[in-house]
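Input: a single structure, listed below in structure tokens.
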Amino acid sequence: MRHLLRKSAAVFPRPKLPFISLRLLSSSSVKRQETESFAAPDDHYDVVVSGGGMVGFAAACVLGRSKRLSDRRILLLEGGPKKPWSLPKEYTNRVCALSGHTQRLFEKHGIWEHIMRMRAQPVRRMQVWESCSEAMITFDEQYQDDVVAHIVENDVILQAIKNQMPDHVEVQFNSKVDGYDLPQDSSSRVTISLANGKTLSTDLLIGADGAKSLVRQTMGSQYLGWEYDQMGIVATLQLSEPSDNTVAWQRFLPTGPIALLPLTDDRSSLVWSTTKDNAKTLLELPEEEFTDALNRAIWDNSRTDQTVQAVHEKWMNMLDVLIPSQGVDVRQLPPSVSAVIPGSRGAFPLGLGHAVHYVAPRVALIGDAAHRVHPLAGQGVNLGFGDVTSLSETLEKAVLLGADIGDVRELHKYESERQKHNVATMASIDGLYRLYSCNATPVVLLRSLGLSAVNVLSPLKRYIMKHAES
Ligand SMILES: Cc1cc2nc3c(=O)[nH]c(=O)nc-3n(C[C@H](O)[C@H](O)[C@H](O)COP(=O)(O)OP(=O)(O)OC[C@H]3O[C@@H](n4cnc5c(N)ncnc54)[C@H](O)[C@@H]3O)c2cc1C
């Protein structure tokens with residue numbers, strides 16, 4: 001039996017899923033059909049990466065640059081058009097906090113140099129606090145002898161990867177995939193049908209086609225996911241006073257976290273997760289009123305729970321005696337915002353999703369096609385770049401052993417390595433989200449005491465930072 005899904009609404013209408021908090025999409029819940037074979041392929045590639053977002057481009061680039069895979073024909077397919085690009089004067093509103101692991105991957109492949117030549121802002125410290133108590137935690141470069149992260153615009157990341165793309169890797173824009181014919185075992189190849197009528201075949205299909213991945217649906221991999229009923233509002237912000245702006249600020253509000261990520265001395269990037277209704281209201285506000293609402297979200301202390309506050313104060317005094325502060329974990333005051341850069345506001349739906357299987361014969365999923373997380377920990381694309389590292393190393397080892405790169409036994413090594421890391425990260429992010437969505441006094445009290453204790457325990461903070469940057 002071959003797994004086959006053609007994306008033609010007229011023939012296979014996608015089932016409308018009810019908006020429930022948890023959904024489990026299994027091979028049986030996604031409509032599949034056995035039909036006549038695809039047309040004979042017009043061309044064959046050893047590897048086809050489907051989806052040219054940041055993760056798909058990184059995969060094509062890293063595989064193309066691998067000495068062990070240098071004789072392989074690699075193709076990247078992107079449904080969208082090729083857009084001419086030059087670095088704009090004003091910062092764009094989509095940014096990512098790149099971790100230490102991503103930096104090392106990019107350094108190895110010469111991508112990092114391009115990013116630094118364009119623009120990136122180091123984060124030397126991160127301060128996380130909440131609106132219901134005075135509890136907070138800080139992460140400082142001092143704990144890992146390196147910066148906490150770098151804030152880089154998505155367009156800059158993509159351009160830096162494109163600059164390092166080897167000539168022999170083919171990139172086809174305007175090449176939307178319409179359907180895949182996936183083999184049941186490694187004895188036959190993957191067939192890919194494009195909306196422009198072309199048909200291709202490949203020994204290995206890498207699905208990097210984002211959260212709504214057609215590759216994943218065709219695989220029939222179970223997908224565990226839910227929507228947070230939240231939007232992430234993004235914008236570029238003008239700060240009231242220029243300063244050495246290298247701190248990332250995140251405050252948990254009962255409606256979701258708000259983060260200011262540093263860009264320059266007087267610019268920061270906003271990621272404000274809030275309910276869909278609130279997001280709609282905020283997006284419609286005139287710029288001045290939006291700026292006022294944002295400053296209130298960062299500064300307003302009217303939600304402080306007085307009972308929690310009293311107990312927390314005693315707890316802090318006790319911690320001070322038991323574990324004297326080393327000076328780096330003290331509270332700093334966040335910046336205030338003077339304006340939102342006109343036209344920079346945007347909003348994106350937020351959800352969580354995880355494919356139970358990342359691989360099948362001759363197929364591997366990477367990036368948001370395999371997993372999607374809430375942006376509160378700035379991990380989404382970093383997990384995707386981690387997939388790229390792991391998959392490229394797995395394929396290189398397979399080639400060294402003389403194995404077929406589409407052999408599912410080899411691909412399973414990639415799956416188990418990544419799932420160990422990704423599932424743990426996703427569970428922590430979702431746990432944090434839930435912990436801070438609650439206003440009940442006992443919960444606020446417990447999390448406040450816990451957070452303040454972790455804040456003074458340097459080894460534990462080092463451990464948390466190590467996991468986040470790997
Ligand atoms: C508000 C917000 C803030 C975030 N902040 C951070 C952060 O600070 N740090 C971080 O690590 N992550 C962050 N993320 C997450 C990050 O943006 C995503 O994880 C990342 O963009 C996923 O990249 P991707 O390449 O896997 O998928 P995508 O960016 O979704 O790319 C998929 C590509 O596949 C193409 N495609 C889809 N279907 C087809 C098809 N049938 N044929 C051909 N092409 C196709 C699409 O055109 C697209 O280009 C944030 C997300 C949001 C919403």
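Atoms within each ligand, like the ligands themselves, are counted from 1 in listed order.
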Under 4.0 Å between a Lys/Arg side-chain N and an Asp/Glu carboxylate O for D43 and R73? yes

Among M54, M231, R94, which residue places a heavy atom closest to atom 52 (C) of ligand 1? R94

Under 4.0 Å from any heavy atom of K176, which atoms of ligand 1 are there? 42 (N), 43 (C)

Per side chain to side chain contact (heavy atoms under 4.5 Å, CB included), L237 is matched among L294, I341, D266, T291 by L294

For ligand 1, which atoms, with element, lie under 4.0 Å from some heavy atom of F348? 53 (C)

Regarding atom 8 (O) of ligand 1: of the candidates A97, A149, G210, which has the closest heavy atom? A97

About how many Å separate CG of N174 and CG of N196, when rounded to the nearest 0.5 Å? 9.0 Å

Any nitrogen or oxygen of S50 lying under 3.5 Å from a nitrogen or oxygen in ligand 1? Just yes or no. no

Please could you name the atoms of ligand 1 that G53 approaches to less than 4.0 Å, counting only its heavy atoms? 25 (O), 31 (O), 33 (C), 49 (O)

Any donor and acceptor pair, going by atom type alone, linking the side chain of E410 with main-chain N or O of L395 inside 3.5 Å? no

E113: which of M116, R117, H109 passes side chain to side chain contact (heavy atoms under 4.5 Å, CB included): R117

Separation between CZ (R251) and CD (Q127), nearest 0.5 Å, reads 10.5 Å

What about G380: any of its N or O atoms under 3.5 Å from an N or O on ligand 1? yes

Do any nitrogen or oxygen atoms of V55 come within less than 3.5 Å of a nitrogen or oxygen of ligand 1? yes

I need the contact type for P375 against ligand 1. Using non-hydrogen atoms and a strict under-4.0 Å cut-off, is it side chain, backbone, both or neither? side chain

V234: numbered ligand 1 atoms lying under 4.0 Å from its heavy atoms: 1 (C)

Approximate separation, where rounding is to 0.5 Å, of Y228 OH and L376 CG: 7.5 Å

Please report whether ligand 1 has a polar contact with L350, defined as an N or O pair separated by less than 3.5 Å (distance criterion only). no

Backbone or side-chain N or O of V381 under 3.5 Å from ligand 1 N or O: yes

Out of curiosity, is S175 lining ligand 1, as in a heavy atom under 4.0 Å away? yes

For A208, atoms of ligand 1 separated by under 4.0 Å from a heavy atom: 32 (C), 33 (C), 34 (O)

Subset of ligand 1 atoms that lie under 4.0 Å from at least one heavy atom of G367: 26 (O)

Within 4.0 Å of some non-hydrogen atom of N382, the atoms of ligand 1 are 11 (O)

Would E78 count as a polar contact of ligand 1, with the cut-off being nitrogen or oxygen pairs under 3.5 Å? yes

Check the orientation of F106 and W112. Use parallel for under 30°, tilted for 30 to 60°, and perpendicular for over 60°. tilted

Sub-3.5 Å N/O-N/O distance, G378 and ligand 1: yes

For S390 versus R418, what's the shortest heavy-atom pair and its separation? CB-CD, 3.5 Å

Within a distance under 4.0 Å of any heavy atom of G79, pick out the atoms of ligand 1 and give their elements. 43 (C), 44 (N)

Under a 4.0 Å N-O cut-off, is there an ion pair linking K413 with E417? no

Counting only N and O atoms by type, is there a donor-acceptor contact under 3.5 Å from the side chain of R372 to the main-chain atoms of G353? no

In this structure, CG of L77 is separated from CD of E170 (nearest 0.5 Å) by 9.0 Å

